[in-house]
2 protein chains.
Amino acid sequence: MSASTDSSLIVEQMAAEDHVQQIELLTSTNDDYDGVVVEMDQPMDSTTFVIILRASISNWKQQGKKGVWIKLPIHLANLVEALIKEGFWYHHTETKYLMLVHWIADSANTIPANTTHLVGVGALVVNEKKEVLVVQENSGRFQGTGSWKYPTGLVDKGEDICVTAVREVKEETGVDSEFVEVLAFSQSHKSFFEKSDIFFVCLLRPLSFDIQIQQLEIEAAKWMPFDEYAAQPFMEKNEFLRYINEIYLAKIDGHYSGFTPVSTKSKFSNYQNSFLYLNVGGLKRCNSL
Amino acid sequence: MSASTDSSLIVEQMAAEDHVQQIELLTSTNDDYDGVVVEMDQPMDSTTFVIILRASISNWKQQGKKGVWIKLPIHLANLVEALIKEGFWYHHTETKYLMLVHWIADSANTIPANTTHLVGVGALVVNEKKEVLVVQENSGRFQGTGSWKYPTGLVDKGEDICVTAVREVKEETGVDSEFVEVLAFSQSHKSFFEKSDIFFVCLLRPLSFDIQIQQLEIEAAKWMPFDEYAAQPFMEKNEFLRYINEIYLAKIDGHYSGFTPVSTKSKFSNYQNSFLYLNVGGLKRCNSL
């Protein structure tokens, strides 16, 4: 899907001012909400681009289109200013592209929101001796404090929470594990510029025990008796971590149920399978209790 | 925090090539990770900008800085191309600004990720007669299908999930409600371009019963007997919604525990209070059962 003077451009004959004019239009695909998506690719000077863009918008308006999305790869940064001047605004971005959008209908703008949250996981891996797998990090808030904490990390693009937890444990400590359940989660705001985060604390069962640390991020890792872990001085000031400790104790006493992932068709049936996290024991009418 | 030739620019004397030269530097603030943040404000031509930017980067490198964040409001879109040519890339965006970043150290890049997830809620509001508050929407997947569904919506920037659920119910139906718990959640991928979403299904208790619909988004709303709601034909193909129905039935039988929000100091003590969602009944050693 390119947009230069090459053959990938749609060439349409349009009657204008008593003569037939050849106008090139941007190649676009339709979305499900009366919108069009243009994926720019070929280099173009901004003057030419504006002429083609205006003709394209006129054409989309005639078709009753409402929203126009333009995905601009980083090598076409020369076109950003022109798009802003034509009424587009920033919608979202990845490292290598910028998505701009413009509402061309007279009706109220129903452009969906950009993403708002980072998603993180904390992985509580406890062995049969009630020892917690803990690490000391090379950077971040806890660096140099001597505090031992459970492994944490961010969910990668497109990754399932239950996969992230197992991956982070393996990467940071070399330990294989299997996901048991989400014990609890928190939502925090302004954790990173104006962004929010959701942090899932997960319980995992270890499948191997030898530790091999990741040198880049991790200073040290070890199995630490739970009581010693929970008695560390920094816990005193950290209400969140004390809750998690209580939850773990209730869990091993058999009283606490978190949320377990089950694979389902997504809430919209045309999507691929996705995980629903729920209290499976509660659903089975406490069969497991 | 401006960056033009006005007095808000830092003017430093730097020795260069045997003569003293006056170099203007960009005004910046330090972050907690050896980075600097520049909030651009005043208009500037891109040639001048590049001269000042290069001098500033040289100065930051001498100070041992590693990451450079530049927040560019939409009216300074003329500077995007210059920044990309100088090695910056897109990090994140809001409607009215673009955040670019550049790693200027020799060490491995530790720039944090952009947000990856939209967060949505579904609000299951059930009254004492076991009637569910349901709506038909003016747009979206269920439009025109005659399907009755519970109110749903996206979490606004900086909004707590438990607040979103109550707000959406009020906006769509006029009904006041209070938050009870998160019954379950799902994570879906590629729900919107390359983005993922987390969708929390919440149970709410109604505090008022008269319905007043929001004309813009909602076609109709009513209280519907739960059995009739659960028997709608589209449920047959929707495994997700059938799980939620089973969860609700287990809930009213007293078997199911979801996650209730409790206000805590966030996991990092310098943050404001935030909500931790957990199985409060399980933590109280089933006192509530």
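Every value quoted in this text rests on a predicted model; they were computed, and no experiment measured them. Just so you know, these numbers use all the heavy atoms, side chains as well, and skip hydrogens, waters and symmetry mates. By convention in this document, chain letters (A, B, ...) are assigned in the order of the sequence lines, proteins followed by strands, and residues within each chain are numbered from 1.
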When rounded to the nearest 0.5 Å, the distance separating CD of B:Glu181 from SG of B:Cys162 is 12.5 Å
When the 4.5 angstrom heavy-atom criterion is applied to A:Ile161 and chain B, the contacting part is both
Turns out that what part of A:Glu217 lies under 4.5 Å from chain B's heavy atoms comes down to neither
Most contact-rich option vs chain B, by heavy-atom pairs under 4.5 angstrom, among A:Leu98, A:Leu154, A:Asp156, A:Val101, is A:Leu98
Turns out that what part of A:Ser263 lies under 4.5 Å from chain B's heavy atoms comes down to backbone
Honestly, the part of A:Tyr248 sitting under 4.5 Å from a heavy atom of chain B is neither
If one checks every heavy atom of B:Ile84 against chain A at 4.5 Å, the contacting part turns out to be side chain
Quiz item: Going by distance alone, is a donor N or O of one side chain under 3.5 Å from an acceptor N or O of the other, for B:Thr264 and A:Glu239?
Solution: no
In terms of heavy-atom pairs under 4.5 Å with chain B, the winner among A:Gln187, A:His91, A:Lys71 is A:Gln187
Under 4.5 Å to a heavy atom of chain B? For A:Val262 that would be side chain
Under 4.5 Å to a heavy atom of chain B? For A:Ile198 that would be side chain
When the 4.5 angstrom heavy-atom criterion is applied to A:Ile74 and chain B, the contacting part is both
Greatest number of non-hydrogen atom pairs under 4.5 angstrom with chain B, of A:Val80, A:Asp160, A:Asn114, falls to A:Asp160
query: Can a salt bridge be assigned to the pair B:Glu159 and B:Arg167 using a cut-off of 4.0 Å between side-chain N and carboxylate O?
result: yes
Correct closest heavy-atom pair for A:Ile244 and A:Ala184 would be CD1-CB, 4.3 Å
Between B:Lys195 and A:Glu94 the two heavy atoms that sit nearest each other are NZ-OE2, 3.0 Å
Applying a strict 4.5 Å limit to non-hydrogen atoms, the region of B:Phe275 in contact with chain A is backbone
Are any of the side-chain heavy atoms of A:Leu278 and A:Thr260 separated by less than 4.5 Å? no
Heavy-atom nearest pair, A:Asn279 first then B:Tyr256, reads N-OH, 2.9 Å
For this session: Assign the ring pair B:Tyr97 / B:His92 to parallel, tilted or perpendicular, where the plane angle (0 to 90°) is split at 30° and 60°.
Result: perpendicular
Note: vs chain B, highest number of non-hydrogen pairs under 4.5 angstrom among A:Ala113, A:Ser196, A:Ala108, A:Ala82 is A:Ala113
Pair count under 4.5 Å, heavy atoms only, with chain B: among A:Trp89, A:Trp69, A:Phe185, highest is A:Phe185
Correct closest heavy-atom pair for A:Tyr277 and A:Pro261 would be CE2-CB, 3.6 Å
